[in-house]
Amino acid sequence: MRRSLICFLLLAVSSVAFAQKAIIRDVSRNLGSTRGGTLLTLSGSNLLPTVRCLLACPTTVMFGDAMATLKGAVPTMLHVLTPPHAPGTVDITINIAGEAPIVLANAFTYSANAEANFARVMLPLYFDGVVKGQYGSEWTTSLWIRNNGTDAVSITPWSCADGQDCGGAPPAYALPSSRSLRSLAPLSGVSDGNPSRWLYLSQEGAADVSFSLRFADQSRGLTDAGIDMPVIRENEALYGSAQLFNVPLKSSFRVTLRLYELGDVSSRFRVTIYPQSELDEQPIHSEEVTATVQSGSFPAKAGYATLDVTGLLHLEKAWPDVVRIEITPLTAGSRYWSFASLTNNDTQMVTLVTPQ
């Protein structure tokens with residue numbers, strides 16, 4: 001009787017028949033502060049327990065030998081807050097009831113660097129002032145940032161106030177709760193053709209901040225209200241191949257492919273162009289581009305590369321009117337985002353084709 005009771009307490013679970021194996025495919029962030037408190041997402045499949053326990057057997061996530069705080073769990077994602085830890089790179093171990101432990105070797109680095117205390121957000125296009133374009137166009141961006149949380153959120157780096165001694169730490173702007181910010185402190189230096197802009201938000205409130213970014217030709221203000229641009233958080237980065245469908249390839253459009261590397265290493269990409277067809281056809285064109293990442297702490301811009309797709313029409317090939325563009329990262333650890341901008345030469349109206 002005693003033996004049966006012990007077995008019942010230790011093994012009293014109800015197994016789910018033919019349950020599929022839990023898999024982790026992606027970690028949204030691989031760098032955080034030694035103080036802990038970095039919010040990250042583990043993405044995959046079958047991430048809920050496959051057994052029901054009579055005694056508590058919650059999912060646990062370990063960073064080295066320290067346990068994280070589980071903030072939420074669904075079949076495809078685990079949201080966790082990192083625990084404090086000494087500087088260095090650690091394994092992430094996920095323990096789900098009914099599953100063998102999942103170990104992600106050297107998956108997260110604790111850093112005492114100030115940048116590790118912030119979550120990064122990338123603006124694909126952001127201009128200080130007006131940028132002159134073709135056919136008399138005058139391009140501007142309009143940005144709104146709103147803090148929907150209950151505490152102030154720091155945005156850095158920022159310009160020092162006149163006469164203020166910022167010391168060695170990067171200056172920051174404190175966005176109060178329930179307040180909005182219309183524009184950013186301007187960047188210094190000469191324009192390098194890279195239109196992106198990094199924002200660094202304090203980890204504690206970054207998830208409560210929302211954005212609106214609009215790109216417009218102000219020379220046609222009566223006819224062009226602009227187009228909304230996506231604002232990309234690090235956990236929205238792409239890792240594998242991405243597809244851009246239904247891209248027009250006609251002389252009446254200017255088509256530019258824009259690639260952004262969100263990681264810390266300059267990365268190469270293969271861009272392959274196919275006919276937009278239901279058939280599995282051979283590619284028309286393929287070439288490599290490199291997105292170069294800025295070095296140093298708190299870089300102002302993401303890695304960036306472009307490809308003038310319309311410019312390829314001078315090549316002696318049988319170009320269809322509509323194509324599919326495939327983007328494949330060639331550098332290990334690349335985390336990127338991309339889109340194609342389509343500008344009508346007659347109206348200067350812009351359309352975006354985003355990844356699928």
Side-chain angles (χ1 to χ4, degrees), residues 26-43 68-69 71-72 77 79-82 84 108-128 141-161 166 168-187 194-214 228-237 260-264 293-294 296-303 335-337:
D26 175 44
V27 181
S28 65
R29 184 174 171 87
N30 58 13
L31 176 70
S33 170
T34 55
R35 297 184 304 177
T38 298
L39 179 64
L40 57 82
T41 300
L42 307 173
S43 301
T69 300
K71 302 294 289 184
M77 287 183 290
H79 302 287
V80 299
L81 276 178
T82 60
F108 191 83
T109 298
Y110 281 94
S111 173
N113 188 298
E115 190 175 327
N117 297 318
F118 293 85
R120 295 199 300 183
V121 176
M122 194 267 290
L123 310 179
L125 294 175
Y126 183 83
F127 303 137
D128 295 325
T141 48
S142 172
L143 173 68
W144 284 98
I145 306 172
R146 181 167 181 79
N147 179 5
N148 304 301
T150 57
D151 299 313
V153 175
S154 293
I155 304 174
T156 196
W158 206 262
S159 298
C160 286
C166 291
Y173 175 87
L175 181 60
S177 171
S178 302
R179 293 287 298 275
S180 297
L181 175 68
R182 183 171 185 176
S183 59
L184 304 177
L187 290 177
N194 182 342
S196 69
R197 182 77 177 265
W198 274 124
L199 294 182
Y200 297 82
L201 308 178
S202 51
Q203 285 280 356
E204 292 78 7
D208 296 320
V209 177
S210 57
F211 306 90
S212 172
L213 177 63
R214 180 160 291 191
D228 286 330
M229 296 290 300
V231 175
I232 309 302
R233 298 177 186 266
E234 282 193 291
N235 62 358
E236 297 172 319
Y260 303 85
E261 174 55 49
L262 307 187
D264 300 320
V293 171
Q294 296 180 348
S297 180
F298 292 98
K301 300 183 178 184
R335 297 180 289 129
Y336 74 100
W337 197 75

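Numbers here are sequence positions counted from 1.
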Check: Partners of Ser33 by side-chain hydrogen bond (donor to acceptor under 3.5 Å, both in side chains), sequence neighbours excluded?
Finding: Asn117
Notebook entry, point to check: Who are the side chain to side chain contact (heavy atoms under 4.5 Å, CB included) partners of Asn113, not counting sequence neighbours?
Noted result: Ser111, Glu115, Ser297
Next item on the list: Could you pull out all residues at least two apart from Arg179 that satisfy salt bridge (charged side-chain N to carboxylate O under 4.0 Å, His left out)?
Entry: none
Item checked: From Tyr200 atom OH to Phe118 atom CZ, the distance as rounded to the nearest 0.5 Å -> 10.5 Å
Margin query: I'd like to know if the side chain of Asp208 and the backbone of Asn148 have a donor-acceptor N/O pair within less than 3.5 Å.
Written below: no
Next item on the list: Would you please say whether a donor-acceptor pair under 3.5 Å links the side chains of Ser142 and Arg214?
Entry: no
Next item on the list: Considering non-hydrogen atoms only, spot the tightest contact between Leu31 and Ala116 and give its length.
Entry: CG-CB, 4.2 Å
Check: Can you name the residues that form a side-chain hydrogen bond (donor to acceptor under 3.5 Å, both in side chains) with Asp151, not counting sequence neighbours?
Finding: none
Note to self: For the CG atom of Leu199 and the CZ atom of Phe211, what is their distance to the nearest 0.5 Å?
What the structure shows: 6.0 Å
Checklist line | Listed partners of Ser43 passing side chain to side chain contact (heavy atoms under 4.5 Å, CB included), at least two apart | finding: Asp26, Thr41, Met77
Next item on the list: Taking side chain to side chain contact (heavy atoms under 4.5 Å, CB included) as the test, write out the residues that go with Glu236, two or more places apart.
Entry: Ile232, Arg233
Check: Between Arg335 and Glu261, is there a side-chain N and carboxylate O pair less than 4.0 Å apart?
Finding: no
Notebook entry, point to check: Centroid-to-centroid, Tyr336 to Tyr260, below 6.0 Å?
Noted result: no
